[in-house]
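In what follows, every heavy atom counts, from backbone to side chain, and hydrogens, waters and symmetry copies are set aside.
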Amino acid sequence: MDFFQRQDQARRKTKWLILYFSLAVISMIVMIYGVALLVNGYVGLHHSRYYLNSYDGSPQFSIWNPKLFFEVTLGTVAVILCGTTYKTMALAGGGGAVAESLGGRLVASNTIDPDERRLLNVVEEMAIASGVPMPQVYVLDDEKGINAFAAGHTTSDAVVAVTHGCVKLLSRDELQGVIGHEFSHILNGDMKLNVRLIGILFGIFCIATIGRILLSMRGSSSRDRNPLPLVGILLLVIGSMGLFFGRLIQAAVSRQREFLADASSVQFTRNPAGLSGALQKIGGYGFGSWLISDHAPDAGHLFFGNGIPRPWFGLMATHPPLEDRIRAIDTTWDGKFPRVDMTEIREEIQKDTKNPRAVFVDGRMIILGGVMAEAAKPAPPPVIRPHAVMPNLGKPTPMHLEYAQQLRDALPENLTNTAREPLAAAAMIYALVLAPDNTLRTTQLDGIAKHFSQEVADKTAALYPDVSAVAARVRLPIVNLALGALKQLTPQQFSQFSATLQWLINSDGQVALFEFVLQKIVMRNLGAKFGGAPRQTVQFYTLRPLAPDCVVVLSALAQVGSDDAAEVKKAFDTGVPYLRAPDNVAIDLLPVDQCGVGALGDALDRLGQSVPTIKKNVLEACAHVVGADGVIHEEEAELLRAVADTLDCPMPPLQASA
C-alpha cells in the first residue's frame, strides 16, 4: 500500500467515523427519551390532573409520546452538535491547540537544554528524511509517564509532543523509534482523523457534563420535589453510555493503526531495538504511559502508548497490549519488562550525547565536534531516474534518515544555528533569493532594511556567502530547517517578513520558478500558523475539471528544462500519459506566456483540493516531464519536491534514493 492509498483509506475511514457517531447519537436519543418518560411519569404522579384517564379518572401513562420524543431529539442533537462545533473550532488552530490543551509547552527552536536539543535534533532528522515540514515540538512538563503524540490538520500545522518522562527516560535510539512512530501517523493520514475525532467525542461527552451540573442542583428545602438531581443521575448514566460509545469509536479508529505505525517506524529507522526498548520501558516504569491531564481521555487515541488506565473490556482499549506490540517488532523479547533505573538511564543518555557519529558527505568524512579528515574531490551529483520518484513518496527509508543526519551535521555551524533563531531564519530565506549580481544585491539588501529592519538586512548579507555555497545542493532542507523557527515569529514580524519576501522576489523584475515555489512553500506552511492561507479541502474527485490545471503545471515544468521547442514538446508528451486523463480530454502544451507563475499558482491551489489518486497521477506525470531525458538532475529534483510540498505530498530527498 503506497502513500496515496493510505491517504484514501484514512479519508474513507472518516465516513465510518460519521456512521459510528450517528449510531451513538441515535442510541443516546433513545435512552434520554426513556429518562424523559420516567421524569414525565414522576411529575404526573404529583400532578395527576394532567394525566387522568378520560374514562375512569385513573392516572394514564403512555410509552410513545411524539411531542416528547421530538423535543428530546432536538435537544440531544443540539447539545451534541454544539459541543462538537465548539471543540472543533477550539482545535481549528491545528496541532498546537491540541498540545496546549493537554498542558504542552512549546520548545524554543534555539533551546540550549541538552535533552530538548536532542529531541529537536531527532525531529529535524525525521522531517528532512520524510520531506515533512519541520513541525513545532511541545513537551508536557507535568506528565511523568512515557508518551508522545502527533496532532494537526495538515503537515503545515502539525506538531509533535512528548511527555517529560519521554524526554528524560528514553535513549536517543528509543526516542527516535517513538518519533518515527508519530511521523508515521502524519504520513499515513491518521493525524487529521484523530484531531477530528476529539471534536466529535467532546459533543457526546457533553451529556455527562450536563448530568454533573444537574446533580449539583438542590431545592431550597427538603420539601421541594426538585427532579433535577434525579435527572442529573440519569444523564450521568447515559453520559457513561456516551463514554462507552466514545471509547468504542476510539478503539475502532486507532488500535490497528498503532501496529501499522510501529511497523513503519521500524522500517524507517531499521532499528527495532529502539522502539522495542521504549515500549519495554513503559512496561517496567511505575507511571507507565499514563497521563494526568483532565483532557487525556478525550485524546486517548492520539497517544503513542495507552494514556489512561486500561478499561475492563479489551474491546474498548485504544491501544493493543504492550506485549503484542513488542512481539510484533522484536521476536527475541523474553517477555519480561526490565526495571527502569534512573541512574543507568541518565548515564546511557550522556553516553549517546558524547559519542560522535561519523558521517560522509561529498566524499569527506566528518566527525561531529571534531575535524575533517580524508578530504577528497566532491562527488558528482547523483543520477536520479524518474521511476525512482514515486515508490518512496510518503515512505522514507533508513537511507533517507541517514542522508538527513549527514546533511544536517555537515551544514556549516553558522547555518544550523541561524535556522533556529526566528529573525535569523527569516534572513536565511532572504539569502536564498538574493541576486548574484553585486549591484542588484546591494539594492535588495537596502530594501530589506527598509521593509523589515537593518538588523535582518545585515544578517542576510552575512549569511549570503554560506547560503550561496550550499544552496545549489540543499535549498529545500535549509528551508525545512528554518520553518520551525519562522513559526515563532510574532504576527507583526510575520507580516513584515512576508511583505519583504514578496518585494524581494519581484525586485529584479522577474520571478524565477524556484523563487515562486519557495514563496509558495513558506507561505503555505506559515499561513497555517498565522491565518494567511485557507485550509485545503477535497473538492475534486475526477481529473476532468482539473485538466486545464494539469496542462499549466506540466507545461511550466517542460519549459524549465530546455529552451529548445522540440525538447520542450518531448518532455511534455512524455509526462501526459501518466495523468491517466479520459480520452476525450484535451491535453496540449501551452506557450510560455500562458503558464507563468500566476497561472501556475492558481493551478497548484486547485490541484491541492483533489483526492490523493489525482495528486499521485499529477506528481508521476511531473516526474516524467522533468526526467524526459532519462535523468532528473538535482535542481529538477528539488523543484519536483517543492511542487509535491505545495500539494501536501511529503517527498523524501531524491538524492538519497539515488
Side-chain angles (χ1 to χ4, degrees), residues 14-44 62-93 97-98 100-102 153 192-219 225-253 293-302 308 311 316 318:
T14 302
K15 299 177 181 178
W16 285 104
L17 180 59
I18 294 173
L19 175 62
Y20 296 151
F21 175 67
S22 301
L23 292 175
V25 171
I26 292 171
S27 302
M28 295 182 71
I29 288 173
V30 172
M31 289 186 289
I32 293 176
Y33 174 67
V35 171
L37 282 178
L38 291 176
V39 173
N40 226 15
Y42 175 84
V43 173
S62 174
I63 294 179
W64 176 241
N65 187 329
K67 181 175 181 293
L68 182 62
F69 183 79
F70 173 77
E71 292 172 348
V72 166
T73 301
L74 185 63
T76 303
V77 171
V79 169
I80 293 177
L81 288 184
C82 286
T84 296
T85 302
Y86 163 77
K87 194 65 173 180
T88 301
M89 292 180 64
L91 300 178
V98 179
E100 289 168 7
S101 71
L102 291 165
H153 299 288
K192 180 178 180 179
L193 179 66
N194 288 342
V195 172
R196 185 174 296 172
L197 182 55
I198 294 177
I200 288 176
L201 294 180
F202 185 82
I204 295 176
F205 297 158
C206 279
I207 302 295
T209 302
I210 294 175
R212 284 194 293 269
I213 294 173
L214 294 180
L215 184 61
S216 65
M217 300 177 69
R218 295 285 188 272
R225 298 184 180 276
N226 182 7
L228 293 183
L230 174 61
V231 175
I233 293 175
L234 294 174
L235 287 180
L236 271 176
V237 174
I238 295 172
S240 299
M241 294 303 296
L243 181 65
F244 171 78
F245 284 117
R247 294 290 174 263
L248 283 181
I249 293 174
Q250 283 180 319
V253 168
S293 171
D294 293 336
H295 297 285
D298 300 344
H301 56 287
L302 288 178
I308 55 178
M316 295 171 58
T318 57

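The line from CZ of Phe69 to CD1 of Ile32 is 11.0 Å long, rounded to the nearest 0.5 Å. A distance of 13.0 Å separates CG in Asp298 from CD1 in Ile200, rounded to the nearest 0.5 Å. Interatomic distance, CG of Leu302 versus CG of Leu193, reported as 10.0 Å (0.5 Å rounding).
Closest approach of Ser293 to Leu102, counting heavy atoms only: OG-CD2, 3.7 Å. Closest approach of Ala299 and Ile198 over heavy atoms only: CB-CD1, 4.0 Å. Across all their heavy atoms, His153 and Leu91 have their closest contact at NE2-O, 2.9 Å.
Remark: side-chain polar atoms of His295 are not paired, donor with acceptor, to backbone N or O of Val98 under 3.5 angstrom.
Remark: Val77 pairs with Val25, Ile29, Thr73, Leu81 by the side chain to side chain contact (heavy atoms under 4.5 Å, CB included) rule, at least two apart or across chains. Scored by the side chain to side chain contact (heavy atoms under 4.5 Å, CB included) test, Leu68 finds Tyr33, Ala36, Leu37, Asn40, Asn65, Glu71, Val72 as partners (sequence neighbours excluded). Looking at residues two or more places apart in sequence or on another chain, you find no salt bridge (Lys or Arg N to Asp or Glu O under 4.0 Å) involving Glu100.
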